[in-house]
Number of protein chains: 2
Amino acid sequence: MISIRIKQSEHKLREIGVSPSHSRMKIVSYLIGNKNHPTVDEIYSALKPSMPTLSKTTVYSTVKLLVDKGFLLPLFIDENEVRYDPDVSVHAHFKCRKCGDLHDVQASVQKIYNKEGHLIENTHIYFTGICFHCKK
Amino acid sequence: MISIRIKQSEHKLREIGVSPSHSRMKIVSYLIGNKNHPTVDEIYSALKPSMPTLSKTTVYSTVKLLVDKGFLLPLFIDENEVRYDPDVSVHAHFKCRKCGDLHDVQASVQKIYNKEGHLIENTHIYFTGICFHCKK
DNA sequence: GTATCTGCAAAACATTTGCAATTCT
DNA sequence: AGAATTGCAAATGTTTTGCAGATAC
C-alpha cells in the first residue's frame, strides 16, 4: 500500500521535473494519502517518527518547490496557518470553526462584476461554519 | 473633510459600543477613508507621522476590537498578511499578484454541492491575477 | 568529485502578552 | 482616585536564510 504510494510519488516528482529524493517522496506520499490539507507542522509531525533525521527546513523547502511546480496549492484560510492541497483542480473548501478541519466542497462562482477589467487567473472560494460532524 | 470623518468615526464607535478614544477614532477614520484594505503595518505607518506616540500595539488591539464587534472583516488572502476591510457586506476581492493591491469585486457563488451538510455561515471569494492597472 | 539535498542554528517577521505609565472622567 | 487606554519591551510562533555536512549520481 505505502510502497505503491511511494512509487506514485516518485512518478509524480519526475513528472514535474523534481528529482525524487527520499524526503520528497515521503512528503508527497503523505500528501497524496491524506485528505486533511496539512500544514507544514502537520506534515513534519506525521513523518518525524519514521524519519528521525527529518527537519522542518526540508519540509518547508519541499512544499515551496511543489507549490512552484504547480503540484501543490497553498491555502490561506486562517490567520497564521498555511495549508497545502495536492488537489489543484478547481474546487472550494469548507473550514469548520469548531474542530478546525478543512473539507473539500464543490462550488462555482456565478457572476463577476469585473468592470475594471482585471485579468483573473485564479478563483478561490471557501466557506466557514460548523461541519456535519460538529453540528450533531 | 477629515473632521467630518472623525465625527463619523466617533458615531460608529459609539454605535458598536466602543468608547471613542483619540487613537480609535483616527484608526477608524483611516479605515473609512481608504479603500486599500490595509494591514496593521499600513495603518500604523499612515498614522504615525501625525501621531508620534502611536504604537503598533494600539493598532493591533484596536483592529482586534473592531473585528470582534463586527465592524471590520479580516481578510486572509496572502500568506503572512492580514488585511482589514471596513465593508462587511457580502462581496469578493481581487488581489493583483504584480502590485499586490486588493480591489473590491462583486461576485457570488452559483452552486454548492454540500452533500455532507455542513452548516455554512460565511462565504469567502477572492480572485488573483493581474489588475487593470498592471495589465497595461 | 561535483552537484544537490539536508539539517542545524540564527535571523527575520508578525503578533501577543505583561506590566508600567498615561490619560480620561 | 479609579478605570480604561496606551506604549514599551520581551516573549511567542512561524518561516527564511546561511552555511556546513551528508548524500547521490
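Everything numeric in this text was worked out from a predicted model, so none of it was measured. A, B, ... follow the sequence lines: proteins, then strands. Residue 1 opens every chain.
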Peer 1: List, one per line, each side-chain donor-acceptor pair under 3.5 Å for residues 57-71 of chain B, sequence neighbours excluded.
Peer 2:
{"residue": "B/T58", "atom": "OG1", "partner": "B/S55", "partner atom": "OG", "Å": "3.3"}
{"residue": "B/S61", "atom": "OG", "partner": "B/T58", "partner atom": "O", "Å": "3.2"}
{"residue": "B/T62", "atom": "OG1", "partner": "B/T58", "partner atom": "O", "Å": "2.8"}

Peer 1: Contact boundaries of DNA chain D with chain B (under 4.0 Å, heavy atoms), 5' to 3'?
Peer 2: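 Footprint of chain B along DNA chain D, 5' to 3': D/dT5 to D/dA9.
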Peer 1: What residues, two or more places apart in sequence or in another chain, satisfy salt bridge (Lys or Arg N to Asp or Glu O under 4.0 Å) together with B/R83?
Peer 2: B/E42, B/E81
Peer 1: Using Watson-Crick or G-U wobble geometry with both distances below 3.5 Å, tell me the partner of D/dT23, or none.
Peer 2: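 Checking every strand shown, D/dT23 finds no partner, since no pair has both distances under 3.5 Å.
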Peer 1: Determine which nucleotide pairs with C/dA3, using a 3.5 Å limit on both distances of a Watson-Crick or G-U wobble pair.
Peer 2: none
Peer 1: Please collect all ring pair (Phe, Tyr, Trp, His ring centres under 6.0 Å) contacts where either partner lies in residues 93-116 of chain B, sequence neighbours excluded, each pair once.
Peer 2: A/H118-B/F94, A/H118-B/H103, B/H37-B/H93, B/H91-B/H93
Peer 1: By the rule that syn is within 90° of 0, classify the base conformation of D/dA3 as syn or anti.
Peer 2: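 Chi for D/dA3 falls in the anti range.
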Peer 1: With a cutoff of under 4.5 Å between side-chain heavy atoms, which Ile, Leu, Val, Met, Phe, Trp and Tyr residues group with A/V90?
Peer 2: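 The other cluster members (ILVMFWY side chains, heavy atoms under 4.5 Å, direct or chained): none.
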Peer 1: What residues, two or more places apart in sequence or in another chain, satisfy side-chain hydrogen bond (donor to acceptor under 3.5 Å, both in side chains) together with B/T128?
Peer 2: A/H124
Peer 1: Go through DNA chain C in 5' to 3' direction and return only the first and the last nucleotide with some atom under 4.0 Å of chain B's heavy atoms.
Peer 2: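 Range of nucleotides touched by chain B: C/dA14 to C/dT17.
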Peer 1: Donor-acceptor pair, B/K95 side chain versus B/D101 backbone, under 3.5 Å?
Peer 2: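 It does not hold such a pair.
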Peer 1: State which residues pass side chain to side chain contact (heavy atoms under 4.5 Å, CB included) with A/K35; sequence neighbours excluded, sorted by chain then number.
Peer 2: none
Peer 1: Taking side-chain hydrogen bond (donor to acceptor under 3.5 Å, both in side chains) as the test, write out the residues that go with B/T53, two or more places apart.
Peer 2: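 B/T53 satisfies side-chain hydrogen bond (donor to acceptor under 3.5 Å, both in side chains) with no other residue.
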Peer 1: Please enumerate all residues that pass side-chain hydrogen bond (donor to acceptor under 3.5 Å, both in side chains) together with B/Y30, with sequence neighbours excluded.
Peer 2: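 Only B/N36 meet the side-chain hydrogen bond (donor to acceptor under 3.5 Å, both in side chains) criterion with B/Y30.
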Peer 1: Can you sort out the partners of A/E15 under side-chain hydrogen bond (donor to acceptor under 3.5 Å, both in side chains), two or more places apart, ordered by chain and number?
Peer 2: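 So A/E15 forms a side-chain hydrogen bond (donor to acceptor under 3.5 Å, both in side chains) with A/H11, A/K12.
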Peer 1: Scan residues 38-63 of chain B against DNA chain C and write down, sorted by residue number, each residue with any heavy atom closer than 4.0 Å; if none is found, say none.
Peer 2: B/T57, B/Y60
Peer 1: Can a side-chain donor-acceptor contact be found between A/S9 and A/R24 if the only test is distance below 3.5 angstrom?
Peer 2: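 Result is no, nothing qualifies.
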Peer 1: Tell me which of B/V82 and B/H22 sits closer to the 5' end of DNA chain C, going by the nucleotide each one is nearest to.
Peer 2: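 So the residue in question is B/V82.
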Peer 1: Which comes earlier along DNA chain D counting from the 5' end, the contact point of B/S21 or that of A/K64, where each point is its nearest nucleotide?
Peer 2: B/S21
